Amino acid sequence: MSVVSRLRYYSSTTTILSAVSSSPLTSKQKSRSALHLLKTESNPERILEICRAASLTPDSHLDRRAFSLAVSKLSAAGHLAGIRRLLDDLKTRPDLGNERFLSHAIVLYGQANMLDHALRTFTHDLAPPRSVKTLNSLLFASLLAKNYKEVSRIYLQFPKTYSIQPDVDTYNTVVKAFAESGSSSSVYSVFAEMDRNSVRPNVSTLNNSLSGFYREEKFEEVGKVLKLMEEKYRVFPSVSTYNVRIQGLCKLKRSSEAKALLEGMVCGGRKPNSVSYSCLIHGFCKEGDLEEAKRLFRDMKRRGYLPDGECYFTLVHFLCRGGEFEAALEVARESMGKGWVPNFTTMKGLVNGLAGVDKVDEAKEVIKQIKEKFTEYGDKWDEIEAGLNQ
């Protein structure tokens with residue numbers, strides 16, 4: 001890059017980030033500014049400029065979120081060349097020519113379904129010897145791309161080719177791939193390989209296996225894996241394990257069984273968490289049992305578990321679908337009071353539903369609250385509000 005080009009580059013990047021703040025920004029402020037801008041940006045070139053301006057690195061959690069968001073948007077726009085440019089440019093930065101960044105780049109390529117570039121990064125850009133961390137990144141990239149055959153190929157070939165000893169994360173990724181691809185029974189071969197290499201399973205191994213067996217409705221295998229893990233490996237179910245089981249049953253429209261599992265968990269002295277309740281609420285909503293969903297929502301709060309935004313959004317959405325607009329309004333108000341506003345389609349349904357049951361004033365108040373928080377869709381909300389007066 002020439003001196004003139006560099007001057008133009010630094011001038012433009014400074015201007016981009018100063019859209020959020022006019023004062024000099026710290027590294028963390030740059031990351032926050034970049035993330036803020038990326039959330040609403042759709043122009044591929046502008047996305048690339050924002051990423052360059054922020055000097056992102058994989059060392060920061062905020063930066064990793066920004067990288068992931070940028071790649072998701074570029075991928076959705078079909079701008080794969082932009083992803084190549086972004087990551088290839090970053091590879092030339094002196095502070096990023098290391099295993100940590102290249103491992104992250106491999107995962108980002110997988111997120112964009114660019115596995116050929118992920119493989120090239122592993123085979124050509126990484127200096128030997130390759131570590132198990134980079135192998136795991138490549139397996140995870142293949143999992144993100146849902147290329148389960150490639151997960152299996154890498155798992156079977158690369159440890160030997162590159163003299164890498166797999167660890168528990170390696171095996172857990174492979175188990176997850178078998179679970180997602182409808183080949184859950186193959187997890188037993190992974191357990192055997194772990195035994196041969198003296199690698200002990202952990203709760204993630206158990207959870208990934210259970211998720212697959214629930215997806216395939218192999219309930220006998222669920223019991224078999226639970227027993228195997230407890231008796232042979234001394235791996236006992238955690239709260240996350242119960243949540244995997246609850247979610248698995250709810251997805252199969254067996255929410256009553258999932259609720260019984262939660263009640264048994266409590267009776268056994270185990271404490272659920274907000275995720276346990278959120279899965280159940282979503283499950284009963286999808287089955288049309290809104291009364292049970294509302295009861296669980298009340299019980300959840302009474303027991304001191306805090307619903308997250310998605311839980312509120314789910315309840316508002318399904319209450320509106322069920323014509324329970326006043327109940328939906330109560331939940332929406334509580335959600336907005338916490339700074340969480342359901343999406344435009346859900347809130348439009350709520351506003352129109354309230355107007356349809358002669359709650360026009362309440363509908364207008366909802367619109368007012370939304371417009372105070374967000375400028376997006378302002379014109380559309382004006383049109384909807386005008387229609388309420390007719």
Side-chain angles (χ1 to χ4, degrees), residues 13 16-17 27-28 30-127 130-151 153-155 158 162 164 167 169-170 172-174 176-177 180:
T13 58
I16 291 169
L17 295 182
S27 178
K28 190 169 185 178
K30 283 183 179 181
S31 300
R32 290 188 183 281
S33 298
L35 193 57
H36 174 81
L37 292 168
L38 287 169
K39 285 178 180 177
T40 55
E41 187 57 65
S42 57
N43 183 301
E45 290 301 326
R46 183 77 170 173
I47 289 170
L48 292 173
E49 289 172 4
I50 292 168
C51 289
R52 294 188 188 109
S55 298
L56 304 174
T57 84
D59 296 333
S60 158
H61 174 66
L62 276 176
D63 286 12
R64 291 194 295 273
R65 284 176 59 196
F67 272 132
S68 181
L69 182 57
V71 168
S72 290
K73 290 206 163 195
L74 291 169
S75 180
H79 199 36
L80 302 187
I83 296 172
R84 286 196 298 272
R85 280 169 50 199
L86 171 65
L87 296 180
D88 285 347
D89 286 351
L90 290 170
K91 287 177 187 178
T92 64
R93 269 176 45 185
D95 60 320
L96 295 182
N98 53 52
E99 180 185 273
R100 185 184 180 96
F101 172 73
L102 293 175
S103 294
H104 192 60
I106 288 170
V107 172
L108 292 173
Y109 280 130
Q111 183 182 326
N113 201 13
M114 298 170 66
L115 275 186
D116 52 339
H117 287 78
L119 283 162
R120 193 174 302 121
T121 301
F122 181 90
T123 57
H124 290 79
D125 295 339
L126 281 164
R130 277 83 176 177
S131 69
V132 69
K133 178 180 178 178
T134 55
L135 172 66
N136 293 346
S137 293
L138 188 57
L139 285 168
F140 187 57
S142 304
L143 184 68
L144 287 175
K146 298 192 182 300
N147 191 328
Y148 304 116
K149 286 185 178 179
E150 192 66 2
V151 173
R153 185 183 77 84
I154 292 167
Y155 164 62
F158 278 41
Y162 295 97
I164 300 172
D167 63 11
D169 292 332
T170 310
N172 286 347
T173 302
V174 176
K176 189 171 178 63
E180 289 186 7

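All of these numbers come straight from a predicted model, not from anything done at the bench.
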## Note on the structure
Rounding to 0.5 Å, atoms NZ (K91) and CG (L96) come to a distance of 11.5 Å
### Message
With heavy-atom distances below 4.5 Å as the criterion, would you say the side chains of N172 and K176 are in contact?
### Response
no
### Query
Any side-chain heavy atom of R100 sitting closer than 4.5 Å to one from L102?
no
## Note on the structure
Closest heavy-atom pair, A70 versus I47, reported as atoms and distance to 0.1 Å, is CB-CG2, 3.8 Å
### Parallel, tilted or perpendicular: rings of Y162 and F122 (30°, 60°)
perpendicular
### Query
Rounded to the nearest 0.5 Å, how far does CG of L119 lie from CZ of R153?
6.0 Å
### Message
Quick check for you: to the nearest 0.5 Å, what is the distance between I50 atom CD1 and L69 atom CG?
### Response
9.5 Å
#### Entry: I164 CD1 to N136 CG distance, which is reported to the nearest 0.5 Å
8.5 Å
### Query
Can you check whether H117's main-chain N or O pairs, donor with acceptor, with T121's side chain at less than 3.5 Å?
yes
### Task
Kindly indicate whether the side chain of I106, heavy atoms from C-beta on, has any atom under 4.5 Å from the side chain of Y109.
no
### Query
Looking at OG of S142 and NZ of K149, how far apart are the two atoms once the value is rounded to the nearest 0.5 Å?
14.0 Å
### Message
Quick one, R93 and T57 - any side-chain contact, counting heavy atoms below 4.5 Å?
### Response
yes
#### Entry: Nearest heavy atoms of S103 and S137, plus distance in Å
CB-OG, 3.4 Å
### Query
Between D169 and V132, is any pair of side-chain heavy atoms under 4.5 Å apart?
no
### Task
Check whether any side-chain heavy atom of L108 lies under 4.5 Å from a side-chain heavy atom of I83, and answer yes or no.
no
### Summary
Minimal heavy-atom distance between L86 and L48, with the atoms involved, is CB-CD2, 3.6 Å
### Task
For T134 and S131, indicate whether the former's side chain and the latter's backbone hold a donor-acceptor pair under 3.5 Å.
yes
### Task
Identify the two heavy atoms, one from L87 and one from A105, that lie closest to each other, and give their separation to 0.1 Å.
CD1-O, 4.1 Å
### Task
Flag the pair T170 / F158 as yes when at least one side-chain heavy-atom distance between them is below 4.5 Å, and no otherwise.
no
### Query
Are a donor atom and an acceptor atom from the side chains of Q111 and S75 found within less than 3.5 Å of each other?
no
### Query
If every non-hydrogen atom of L126 is compared with every non-hydrogen atom of R130, which pair is closest and at what distance?
O-NH2, 3.3 Å
#### Entry: CG on L115 to NZ on K146, rounded to 0.5 Å
12.5 Å
### Message
Is any side-chain heavy atom of R84 closer than 4.5 Å to one of L80?
### Response
yes
#### Entry: Test item: side-chain donor near acceptor, D63 and S31, under 3.5 Å
yes
### Task
Could you list the residues that satisfy ring-ring contact (aromatic ring centres under 6.0 Å, His included) with Y148, not counting sequence neighbours?
none
### Message
For L62, is there any backbone N or O sitting under 3.5 Å from a side-chain donor or acceptor partner on R32?
### Response
no
### Message
Donor-acceptor pair, distance only, cut-off 3.5 Å: does the side chain of K73 make one with the backbone of L38?
### Response
yes
